[in-house]
Engineer: 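My questions all concern the structure below.
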Amino acid sequence: MTGGATPLVTMRGISKSFGNLRANRDVDLTLYRGEVHSLLGENGAGKSTLMNILFGMYRPDTGRIEVDGTPVSFGSPRDALARGIGMVHQHFMLVPDFTVAENVALGGERRHRLGLRRTRVTAEVAELAERFGMHLDVRTPVRLLSVEQQQQVEILKLLYRGADLLILDEPTAVLGPVEIERLFVTLRRLCDAGRGVVIITHKLTEVLSVADRITVLRQGAVAATARSGELDRAGLALAMLGRELPALPARRPHPDAEPPTVLEVEGLSLPAGRSTKPLHDVRLRVSAGEIVGITGVEGNGQTELMRALSGLVTPSSGTVRLRGRDVTGISPRQLRAHGVGIVTDDRLRWDAVTEMSLEENLALVDVPAGRFSRFGLLRGGRMRVWARRLLDDHDVSPPDPQARMGALSGGNQQKVVIARELAHGPDLLLASHPVRGLDAGAADFVFRRIVELRDRGSGILLNSADLDELWAVADRVVVLNGGRVALEGRTEDLTIDQVAEAMTGGDVPSAVGRD
Amino acid sequence: MTERAGGVAVQTAHAGSGGGEGNRRRLTPPPRLRRPLAFVAALVIALAVMAVLFAVLGADPVKALRAMATGAFGTPYALNQTLQVASVLTMVAIAALIPFRAGVMNVGGEGQLAAGATAATVVVFTVGGGGGGLGVVLLAVAAAMIGAAVWAGLTGVLRAALGANEVIVGLMLNFLGALLAEWVIAGPWADTLAPQTRAFDEGTDLPQIPLLGGEFATALLVALAVSGLAWVLLDRSRFGFAVRVLGGNADAGLRAGISMRRMTVAVMLVGGAAAGLAASVQVFTVNHALIQNPAQGYGYTGIAVALLAGLRPRLVPLAAVLFAALTVGANSLPAVTGVSTSASLIVQGVFVICLIATGAITVRSRGAS
């Protein structure tokens with residue numbers, strides 16, 4: 001590539017502390033035009049801080065930054081944008097009721113002091129989208145777009161402002177496998193057009209498939225830098241974690257030849273809602289000691305299926321049986337009493353109360369059910385002892401029962417949720433994206449817990465968009481497409497291609513895999 | 001993550017992520033001190049604004065501020081008055097605070113006070129024939145609590161059953177509450193001179209505690225007990241646990257098996273009962289009759305008190321004393337400086353604006369639900 005040319009950006013000796021936390025220590029980073037640079041590291045390794053410094057959101061305590069060989073000092077993102085550096089954050093900053101073109105033009109309209117020249121702007125934005133391989137109608141209001149398309153709008157915003165360097169913070173966290181491929185195509189085109197790209201990520205597979213150059217951060221410092229191909233998966237993991245991750249324990253066949261059925265779903269249907277997808281005649285089965293994966297392109301009914309099974313929405317028809325007992329439409333609390341653990345796909349919405357303490361979050365479902373209280377008064381001592389044990393068992397940091405949930409990192413919050421849902425040894429665990437957004441260490445921990453649960457004879461329904469993940473742990477997969485079961489089979493009998501086909505294919509191969 | 005608000009969110013990057021806000025960080029105090037400092041700043045700014053205001057109105061600012069301080073704390077009588085107002089404000093603030101903690105906006109304190117005062121009065125005239133001993137008084141207090149709880153419960157039921165906006169319903173019921181009082185005043189127990197009912201017979205009082213001049217001490221103790229109970233209820237009880245879960249994250253509450261509907265009604269009933277107690281204390285220690293507009297704006301001031309206390313029951317009495325001092329202190333303005341008592345309202349308003357402007361009180365609204 002352009003290794004010998006003047007770097008687009010050089011950062012030298014960057015350090016930044018927040019109170020006692022040293023987020024970045026003496027970090028060097030060099031970015032070139034025409035390259036995808038992957039910034040890899042666990043949560044809290046300092047990736048976002050470093051990029052926020054480059055984007056002008058933070059000032060470094062020490063160190064210097066050069067853009068195209070000229071020293072710069074950014075006081076705000078505006079300064080960074082003026083020098084051609086733009087960033088797409090994990091949380092999009094879009095106006096829902098504005099069209100794509102309006103969102104893109106918003107804030108960049110200085111070029112048209114006499115008011116927005118709507119038609120010209122629209123044409124420009126459409127042309128940009130076309131050029132970088134985005135299939136977008138720029139006249140559509142943003143609220144009608146998929147997450148993938150919203151991300152494209154964020155990228156267009158930066159391109160419209162003439163950004164030479166695009167920083168994307170965990171861009172793949174919200175995307176399915178097909179969408180990730182498309183994003184990478186776009187990124188490649190950006191590079192071909194002479195832009196530079198930084199993607200912040202903690203997923204090794206992505207780094208290996210897209211990056212030209214890799215910088216690994218660990219505890220705020222650079223742990224490794226490499227060109228693509230110089231480090232393999234194991235090498236990257238070692239640099240990122242500082243230790244090797246042992247392989248997950250192998251599947252163990254259930255002692256019974258015909259293990260009992262834990263969950264049986266028949267003919268489950270749900271009409272489409274304002275922002276929810278329909279389900280049609282879904283049928284599936286989870287046996288004791290089995291992990292069944294649910295997958296599909298985002299928005300094909302996985303979320304709705306898991307919600308219906310979790311008792312958060314009532315299906316319009318069909319039955320759900322738990323160990324032979326009809327539990328269709330019963331509440332989450334009753335489900336728990338029947339031995340169901342639930343980890344939803346949106347921790348901050350359903351699973352955690354960030355303003356409350358860890359012990360209270362651990363007891364979130366137990367207290368309303370009458371545990372840890374006498375005569376209506378809480379028994380704080382008992383709750384604390386119990387919480388302390390769970391926090392220790394699940395390696396939560398900090399292991400302080402009175403710490404506020406909101407003060408924890410995402411990975412640790414998820415550990416708290418997992419600890420709570422596994423605490424009573426459920427017969428069935430309904431887990432949606434249990435490791436989404438978690439770093440490799442935390443994800444490994446969560447999967448270990450799930451596998452342990454399986455080995456103790458529980459059934460697990462695992463909703464995940466990450467096929468590598470499913471192939472690592474699931475015994476069977478069920479692919480949803482348009483709210484129907486498009487494919488079902490044992491993971492060892494299926495290829496990833498077959499699954500990808502079922503996820504995206506229009507016609508449903510109804511005969512395949514059903515029982 | 002992707003579902004909320006249709007998958008699109010307008011957010012400021014990393015707002016309040018705890019990581020500090022870059023360059024501004026060095027200028028801002030550590031989080032623990034932020035609120036107290038903001039509070040002090042608000043107080044100083046409010047005093048400065050008041051001083052300017054008094055100067056504009058032609059009064060000597062120093063003299064006026066001193067008059068307010070003396071009027072609030074300077075004499076045993078002033079202190080008594082301040083503490084009495086503070087007691088009522090404490091209970092009204094608790095009435096707002098408990099629903100607030102569950103994410104339910106109880107702005108119906110005025111109506112609940114009026115309903116409570118009316119209920120107490122009706123008991124005194126019907127059961128006691130216009131007066132009576134401790135039995136009648138206690139019965140009237142109970143009636144006030146029930147009446148106000150029903151008034152508040154109406155809002156809760158309308159929100160829980162029909163999804164009605166509790167702020168609008170609460171405000172409308174405030175008007176109705178005042179009219180209810182008027183209607184009773186105009187009834188058979190009307191006073192011949194003033195727009196109020198006849199005064200209760202001598203001795204129709206709360207039990208006296210021989211401290212600080214009698215019945216106000218009772219009011220104070222009741223108020224302190226109410227804030228203590230509210231603390232136990234919120235922080236140490238199963239009910240309070242559910243309240244805090246709903247206030248923190250209603251969806252997580254649903255997931256944990258807490259009924260939002262039932263709790264909405266429950267917090268309004270509990271809050272209303274506290275307002276009813278406040279109303280009866282006001283009736284038996286100050287008015288000894290049902291007066292026109294019995295809430296006198298305490299219902300609204302109570303909200304400000306609850307917010308100033310950061311929705312923490314243990315801080316409510318302190319916040320209440322502050323607001324009480326502003327109210328009572330302003331009463332001596334006309335005599336000393338010639339400034340009208342309505343300056344008291346301005347003073348309170350200025351203070352609340354300063355509190356909000358400095359961030360000493362923050363008002364969060366949750367999305368439509």
Engineer: Return the minimal non-hydrogen interatomic distance between A/Pro368 and B/Phe241, and the atom names on each side.
Structural biologist: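 Minimum heavy-atom contact is CD-CE2, 4.1 Å.
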Engineer: Out of A/Leu348, A/Val353, A/Leu364, A/Asn361, which residue meets the side-chain contact (heavy atoms from CB on, under 4.5 Å) rule with B/Asn249?
Structural biologist: A/Val353
Engineer: At a heavy-atom separation under 4.5 Å, does A/Ala23 approach chain B through its side chain, its backbone, both, or neither?
Structural biologist: neither
Engineer: Which atoms of A/Ser373 are under 4.5 Å from chain B, going by heavy atoms: the side chain, the backbone, both sets, or neither?
Structural biologist: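 Contact with chain B involves the side chain of A/Ser373 alone.
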Engineer: Tell me, please, which residues at least two apart from A/Thr314 pass side chain to side chain contact (heavy atoms under 4.5 Å, CB included).
Structural biologist: none
Engineer: Where do B/Asp235 and A/Leu378 come nearest, in terms of heavy atoms and distance?
Structural biologist: O-CD1, 4.1 Å
Engineer: Which answer fits A/Ser310, side chain, backbone, both or neither, if we ask what part of it has an atom under 4.5 Å from a heavy atom of chain B?
Structural biologist: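 No part of it gets close to chain B.
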Engineer: For the CG atom of B/Leu233 and the CG atom of A/Leu377, what is their distance to the nearest 0.5 Å?
Structural biologist: 9.0 Å
Engineer: Does CZ belonging to B/Arg262 count more than 12 external heavy atoms closer than 6.0 Å?
Structural biologist: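 Count not over threshold, so no.
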Engineer: Quick one: closest heavy-atom pair of B/Ala252 and A/Ala352, and the distance?
Structural biologist: CB-O, 4.1 Å
Engineer: Let me know if A/Arg420 has heavy atoms under 4.5 Å from chain B in its side chain, its backbone, both or neither.
Structural biologist: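 For A/Arg420, the contact with chain B is made by the side chain alone.
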Engineer: Find the distance between CZ (B/Arg255) and CD1 (A/Ile342) and round it off to the nearest 0.5 Å.
Structural biologist: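 These two atoms lie 4.5 Å from each other.
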Engineer: Enumerate the residue pairs fulfilling ring pair (Phe, Tyr, Trp, His ring centres under 6.0 Å) with a member in residues 344-382 of chain A, sequence neighbours excluded, ordered by first and then second residue.
Structural biologist: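 Found A/Phe372-A/Trp386.
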